[in-house]
There are 2 protein chains.
Amino acid sequence: MSTTTPTDDGCGLRERKKRETRRAINLAALDLVEEKGFASVTTDEIATRAGVSARTFFNYFPSKEAAVIGTTPEELEAYAASLEQATPGESPVDSLRRIIAEMLAPGTIDKQLRAKRRRILLGEPSLAPALVGNNIRIENALTAALERRLGVAPGASLEPRLTVAVALAAVRACIEHQQQGGSGRLERNIDQAFDSIAAGLR
Amino acid sequence: MSTTTPTDDGCGLRERKKRETRRAINLAALDLVEEKGFASVTTDEIATRAGVSARTFFNYFPSKEAAVIGTTPEELEAYAASLEQATPGESPVDSLRRIIAEMLAPGTIDKQLRAKRRRILLGEPSLAPALVGNNIRIENALTAALERRLGVAPGASLEPRLTVAVALAAVRACIEHQQQGGSGRLERNIDQAFDSIAAGLR
DNA sequence: TGCAATTTTGCAGTGACTGCACAATCGGCG
DNA sequence: CGCCGATTGTGCAGTCACTGCAAAATTGCA
């Protein structure tokens with residue numbers, strides 16, 4: 001509990017090792033996917049390359065997909081908090097646009113990992129199902145945060161969930177567009193997509 | 001092949017039995033999910049209740065999720081075709097709104113199955129991952145159809161994929177809204193959602 | 001009825017994922 | 001410094017989704 005662990009954040013050896021292990025698994029997963037494709041990689045392989053046992057792999061990530069994506073629950077919490085207490089003049093969609101940009105290039109990881117993630121994300125079409133599966137948790141967390149920000153009870157209004165779902169769908173569409181050799185650059189397309197959404201789709 | 005089978009559509013005993021088997025599996029899956037929840041149902045159980053072998057189950061559906069959802073590839077093709085050659089004055093989003101309404105209450109199945117599907121769909125929150133997994137195929141098929149209709153090469157423009165992704169996300173958001181005891185009735189919420197999208201989200 | 005195509009089925013295997021119990025490690029405290 | 005409680009790593013055994021393969025049952029047609 002937090003009452004007994006004075007070094008809950010990131011000081012102790014324990015916490016550091018955990019972060020390193022998580023990173024090693026994520027890195028091994030990304031490398032292996034790049035080498036062999038997502039479907040041909042086994043969790044055993046990832047664990048071995050990361051230097052942990054097969055069982056430990058699942059102590060860090062609940063699924064093979066999650067190990068490739070690599071987002072931590074802490075990051076997700078931070079995004080939700082950021083959405084909940086956004087700057088006053090910012091519309092929900094604008095907040096989401098900003099937060100999603102941060103999700104795609106989080107400042108909490110080094111450049112090496114960031115570049116690798118980006119490369120795999122855009123290069124592996126077979127990762128699309130993994131992406132959407134992951135999005136469900138994100139969507140629920142962000143929806144709850146937006147509901148709190150708007151001061152509505154959970155489920156009272158359709159709007160928060162709709163806004164979050166549409167925003168995430170737009171990003172996913174841009175990623176898949178890239179994966180299939182589509183035109184443009186990712187960030188630019190995302191900007192365009194949010195502009196289209198704000199202007200109204202027909 | 002079609003050269004040797006004069007009754008390719010739906011006349012012969014073979015075709016009818018296949019349709020019946022598919023329906024039996026879908027029905028068994030829906031009933032079992034209602035009884036025990038999606039996670040607690042095994043494909044073996046579904047197969048047994050449907051009166052087929054465990055192996056045959058996978059001859060009809062590629063996954064447990066697909067067996068619960070129950071949409072056939074033929075239906076999907078029909079929707080794509082309908083999107084591709086829409087009535088002249090209809091905008092892409094309007095076409096999608098119409099097609100999605102048909103997807104939720106397809107005329108090709110009887111009322112019993114339709115009611116059951118609807119009940120399970122709205123009552124099983126743990127079905128959400130299955131839903132989005134399924135949506136990928138639908139999204140790709142509809143995107144391709146819309147690209148053809150707009151006369152753009154695949155991947156040349158972001159717009160078709162974005163439009164389809166947003167429309168499907170909106171419907172999924174409405175379904176999840178219902179699943180979690182949200183306000184309103186499904187069809188009405190979907191109408192509202194499409195109106196919001198057309199007006200532009202902020 | 002007999003033949004060819006299709007469908008069903010059993011079998012054996014792979015791989016994701018889980019619970020459990022035990023060993024290793026760490027952090028703090030006397 | 002060394003012990004103790006808590007956390008973390010690991011091996012094991014098991015379940016279940018899903019697949020390829022080849023034999024058996026079924027169907028359509030001549």
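By convention in this document, chain letters (A, B, ...) are assigned in the order of the sequence lines, proteins followed by strands, and residues within each chain are numbered from 1.
OP1 or OP2 of C:dT8 has not a single side-chain nitrogen or oxygen of B:T56 nearer than 4.0 Å. When the side-chain nitrogen and oxygen atoms of A:Y60 are compared with OP1 and OP2 of D:dG9, one or more of them lie within a distance under 4.0 Å.
One atom, CD1 of B:I25, and another, C1' of C:dT9, lie 13 Å apart when rounded to the nearest Å. In this structure, CZ of A:F61 is placed 18 Å from C1' of C:dT18, rounded to the nearest angstrom. Distance CD (B:E15) to P (D:dT27): 13 Å, rounded to an integer number of Å. Between the CG atom of B:N59 and the C1' atom of D:dA17 there is a distance of 15 Å, given to the nearest Å. Atoms CZ (B:R19) and P (C:dT7) sit 13 Å apart, rounded to a whole Å. Per the geometry, CZ belonging to A:R22 stands 14 Å off C1' belonging to D:dT8, to the nearest Å. One interatomic measurement links the two molecules: CZ of A:F57 to P of C:dT18, which rounds to 11 Å at whole-angstrom precision.
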Just the atom pairs and distances: protein N or O near nucleotides 13-16 of chain C's N or O, under 3.5 Å.
{"from": "C:dA16", "atom 1": "OP1", "to": "A:V41", "atom 2": "O", "distance (Å)": "3.3"}
{"from": "C:dA16", "atom 1": "OP1", "to": "A:T43", "atom 2": "N", "distance (Å)": "3.3"}
{"from": "C:dA16", "atom 1": "OP2", "to": "A:T43", "atom 2": "N", "distance (Å)": "3.2"}
{"from": "C:dA16", "atom 1": "OP2", "to": "A:T43", "atom 2": "OG1", "distance (Å)": "3.0"}

Restricting both atoms to N or O, compile the protein contacts to nucleotides 21-25 of chain C shorter than 3.5 Å, with distance only.
{"from": "C:dT25", "atom 1": "O2", "to": "A:R14", "atom 2": "NH2", "distance (Å)": "3.2"}

Measure all distances between protein nitrogen or oxygen atoms and nitrogen or oxygen atoms of nucleotides 23-25 of chain D, and list the pairs falling under 3.5 Å.
none

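A donor-acceptor contact closer than 3.5 angstrom is absent between the side chains of B:E159 and B:S157. A donor and an acceptor atom, one from each side chain of B:S91 and B:D94, are located under 3.5 Å apart. Of the N and O atoms on the side chains of A:R202 and B:T163, not one donor lies less than 3.5 Å from an acceptor on the other residue.
At least one side-chain heavy atom of B:T143 sits less than 4.5 Å from a side-chain heavy atom of B:E147.
A salt bridge (charged side-chain N to carboxylate O under 4.0 Å, His left out) check over residues 24-41 of chain A, counting only residues at least two apart or in different chains, returns the pairs A:D31-A:K116, A:E34-A:R119, A:E35-A:R49, A:K36-A:E45.
The nucleotide whose nearest atom lies closest to any side-chain atom of B:K18 is, among C:dT9, D:dT10, C:dT7, C:dT7. Which of C:dG19, C:dT9, D:dG9 sits closest to the side chain of B:R55 comes down to C:dT9.
Looking at every heavy atom in both residues, B:S183 comes nearest to A:A156 through OG-O, 2.9 Å.
Residues that satisfy the salt bridge (Lys or Arg N to Asp or Glu O under 4.0 Å) test with B:E176, not counting sequence neighbours, are A:R161, B:R172. By the salt bridge (Lys or Arg N to Asp or Glu O under 4.0 Å) test, A:R118 is found to be paired with A:E187, residues two or more places apart in sequence or in another chain being considered.
One finds a salt bridge joining A:R97 and A:D195 here, because a Lys/Arg side-chain nitrogen approaches an Asp/Glu carboxylate oxygen to under 4.0 Å.
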For the pair A:S82 and A:E102, evaluate side-chain contact (heavy atoms from CB on, under 4.5 Å) and give the outcome as yes or no after the intermediate values.
CA-CA 11 Å; A:S82 172; A:E102 165 67 9; over 6 Å; no
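With B:Y60 as the aromatic partner, B:R23 does not meet the cation-pi criteria of under 6.0 angstrom to the ring centre and within 45 degrees of the ring axis.
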